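Read the numbers this way: they start at 1 and go in the same order the structure lists the ligands and their atoms. Because the structure is a prediction, the values reported are computed rather than measured.
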Amino acid sequence: MLSLRVAPWLALCTYAMAAVHHFDFTAQLMKANPDGEHERDVIGINGQWPPPAIRVQRGDQVRINLTNAMEDRNTSLHFHGLFMKGQNSMDGPEGVTQCPIPPGSSFLYDFVVEQSGTYWYHSHLGAQYSDGLRGVFVIEESSKDKYPFEFDEDVTLTVGDHYHMESAEIMRKFKSRFNPSGAEPIPQNALFNESRLVSWDVKPDTTYYLRIINMGMFVSQYVYLEDHEFVIVEVDGVYIEPVTVSSLYISVAQRYGVLLKTKKQPKEKSFRFVNIIDRPMLDLVPADLKLISTNYMNYPGAETKPAPLSNNKHSFDDIVDSLTPADDFTFTTLKKKPLYNDADYQIVLTFSMEQLGDGVTYAFFNNLTYTPPKVPSLYTVFSSGDLASNSAIYGSNTNTFVLQRDEIVEIVLNNMDPGLHPFHLHGHTFQLISRSEGTEDEENPQIYDPSNPEHTKFPAYPMMRDTVMVNANGFIVLRFKANNPGVWFFHCHVDWHLEQGLAITLVEAPHELQAQQKIGHPSHLEACKAANVPTQGNAAGRSGTTEQWLDLTGENVQLAPLPEGFTAKGYIAFVACTLAALFGIYSIYQFGIEDVNTDDAEHVIQRLYEAVRKYESEEQEAMLRREDNEN
Ligand SMILES: *[C@@H]1O[C@H](CO)[C@@H](O)[C@H](O)[C@H]1NC(C)=O
Ligand SMILES: *[C@@H]1O[C@H](CO)[C@@H](O)[C@H](O)[C@H]1NC(C)=O
Ligand SMILES: *[C@@H]1O[C@H](CO)[C@@H](O)[C@H](O)[C@H]1NC(C)=O
Ligand SMILES: *[C@@H]1O[C@H](CO)[C@@H](O)[C@H](O)[C@H]1NC(C)=O
Ligand SMILES: [Cu+2]
């Protein structure tokens with residue numbers, strides 16, 4: 001459906017005559033069996049799952065009227081990697097730029113795309129995209145802009161991790177005191193194009209522009225095609241100097257655009273197209289988890305296919321050890337954009353995972369775990385006048401930093417956790433200017449030290465993208481230009497970690513934002529009203545005098561720390577040294593694949609937990625008795 005009506009708030013846009021694509025998206029629950037092993041409820045669009053791919057051209061306008069037809073949950077959509085310049089209210093993260101869209105409400109996402117490249121869209125509310133609300137978003141070059149490379153066919157491919165259990169249920173088990181080490185939920189399968197054992201038919205002697213997207217929640221994947229090479233030409237929408245590889249390593253939310261040239265006269269007609277879960281990211285590898293997913297690329301005339309690769313440990317190790325994916329740190333943008341100048345503003349973030357008083361593991365940036373404000377931060381900007389540049393009004397638990405228009409911002413991220421974390425910045429691509437290799441030595445994490453010449457060997461032409469991996473107990477340093485007024489989230493894209501609070505809020509040029517932008521469409525405030533979310537005031541919903549604006553009484557804050565005497569490590573030892581913890585981790589996986597009655601299982605864990613407690617207190621009593629006797 002094409003029409004040429006252009007919304008008045010987009011009148012400034014330079015592409016006003018370009019195509020307008022109108023989509024009516026009704027999000028509803030339906031049944032699907034993505035891995036062929038388990039049918040479950042998924043969130044489809046207009047009765048279709050996987051949700052439709054969106055394919056437009058640079059300069060086009062996209063209008064998506066999203067209706068939430070689910071009775072029991074809110075929703076939202078984020079357009080991952082789109083800058084949304086001048087249209088921040090269309091970005092999509094709930095609590096940041098919009099309210100949740102409650103059951104029965106509609107919400108209009110209306111924006112112009114000024115980029116080209118490979119993107120995706122997904123729910124940005126809770127862990128909801130694991131329930132299937134995720135899709136491909138491709139922006140082709142318009143007819144007047146040329147691709148900087150040649151190809152014959154343009155094809156998408158998604159990979160992802162797949163859970164049998166619904167996200168709400170997973171969250172209940174994941175953020176539980178029975179999971180004291182914060183072990184991430186273990187997926188049941190790796191998907192290839194939202195399916196398994198897929199066959200892809202190709203033509204010989206043809207160059208495919210293959211756009212590969214990891215739409216998973218958690219694990220990175222290796223991707224390779226037997227006996228063929230990929231030439232990487234695009235990462236996260238940024239064209240790069242071509243790099244030829246035989247395999248890729250893709251974290252969740254990253255994209256690779258590669259050129260794949262098929263053979264002229266292939267001897268074999270069918271080749272394995274393989275995606276593999278990065279095993280070290282898992283805390284536990286259940287014996288029946290298939291880490292390797294075998295799919296096929298077929299030339300005309302293919303009749304027999306090679307057997308799927310074995311999932312036994314030896315063949316897994318052999319395969320993974322033989323892969324040599326390129327290191328994205330070494331990439332150079334095709335435009336050769338030089339290193340940004342020294343930072344005008346530096347944000348140093350140190351993060352770790354710790355328990356709070358409920359025994360649940362949370363993620364902390366500089367001791368604060370992101371706790372959503374009562375008023376979405378963008379609406380706080382719009383309602384706060386002169387006070388918008390005071391970071392305090394956005395709440396004491398939102399990790400908010402206010403940026404000045406056009407300054408060079410440097411983010412230093414020190415990972416004090418043994419896990420891998422792919423970090424994503426909304427509204428921008430950034431330069432990755434330093435990254436340490438990481439270490440398994442938890443006692444000696446690598447911390448960025450600007451006086452260490454090894455740490456400050458910045459590339460002259462750094463790579464740029466919107467999602468980048470920070471290594472275990474390692475650091476990254478990013479730079480970007482604050483040239484996009486808006487409220488932008490910066491967070492780990494392991495969605496389970498985001499749900500643990502691994503996020504900060506950047507309020508960029510708030511006064512320009514107030515002057516140049518508005519809430520994009522009346523449906524936005526209507527959704528807030530229907531969801532009963534306030535749209536004015538500070539993070540606590542207060543406004544009025546300056547004093548009232550600075551009063552955050554009643555805001556959402558993190559829980560108190562563990563009770564005195566319970567050090568975090570002690571708490572883990574307390575539970576983790578017991579069967580209960582192992583059972584807890586295992587159950588996260590187990591519940592998904594078997595029809596275990598969840599309540600029964602809860603009781604089992606509860607009993608184990610009580611038994612541990614009893615044992616501990618008896619031990620303690622015995623110890624006290626011994627001490628008494630000794631005295
Ligand atoms: C969006 O769809 C809903 C449901 O069909 C409709 O009521 C609403 O008017 C539409 N909004 C826009 C802006 O088209
Ligand atoms: C939707 O969000 C609102 C505001 O956060 C919340 O009060 C409500 O419980 C949510 N609705 C559902 C169905 O989860
Ligand atoms: C993946 O799915 C899309 C959408 O159905 C299709 O166009 C594409 O060819 C598939 N890619 C592969 C590699 O099978
Ligand atoms: C975090 O808390 C610890 C212990 O209370 C303190 O030593 C440290 O300075 C705090 N760090 C930051 C960045 O606030
Ligand atoms: Cu993470």
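Here is the list of ligand 1 atoms found below 4.0 Å of a heavy atom in Asn65: 1 (C), 2 (O), 3 (C), 8 (C), 10 (C), 11 (N), 12 (C), 14 (O).
A salt bridge links Asp154 and Arg55; the closest N-O separation between the charged side-chain nitrogens and carboxylate oxygens is under 4.0 Å. Salt bridge annotation for Asp227-Arg272: absent, with no cationic side-chain nitrogen under 4.0 angstrom from a carboxylate oxygen. Ion pairing of Lys261 with Glu229 is absent here, as no side-chain N (NZ or NE/NH1/NH2) approaches a carboxylate O to less than 4.0 Å. One finds no salt bridge joining Arg255 and Glu234 here, because no Lys/Arg side-chain nitrogen approaches an Asp/Glu carboxylate oxygen to under 4.0 Å. A salt bridge does not link Glu268 with Lys263: none of the charged nitrogens is closer than 4.0 Å to a carboxylate oxygen. Between Asp328 and Arg435 there is a salt bridge, since a side-chain N of the basic residue sits under 4.0 Å from a carboxylate O of the acidic one.
Some N or O of Thr156 is nearer than 3.5 Å to an N or O of ligand 3, by distance alone.
Scanning the protein heavy atoms around atom 9 (O) of ligand 3, the nearest turns out to be Val155 CG1, 3.5 Å. Here the heavy atom of the protein found nearest to atom 7 (O) of ligand 1 is Ser106 OG, 4.8 Å. The nearest protein atom to atom 5 (O) of ligand 1, hydrogens excluded, is given as Thr67 OG1, 4.5 Å; this is a heavy-atom distance. Atom 10 (C) of ligand 3 has Asn193 ND2, 2.4 Å as its closest protein atom, hydrogens excluded (heavy atom only).
Protein heavy atoms come within 4.0 Å of atom 13 (C) of ligand 3. For atom 2 (O) of ligand 3, the nearest protein heavy atom is under 4.0 Å away.
Here the Cu ion (ligand 5) is the vertex; the SG atom in Cys492 and the ND1 atom in His497 give an angle of 130° (to 10°).
The closest approach between a heavy atom of His521 and any atom of ligand 1 is below 4.0 Å.
Annotation: cation-pi pair Arg211/Tyr209 present, NZ/CZ under 6.0 Å from the ring centroid and within 45° of its normal.
Note: His424 and His80 meet the aromatic proximity criterion, with ring centroids under 6.0 Å apart.
Metal site remark for the Cu ion (ligand 5): His421 contributes an N, O or S atom at a distance under 2.8 Å.
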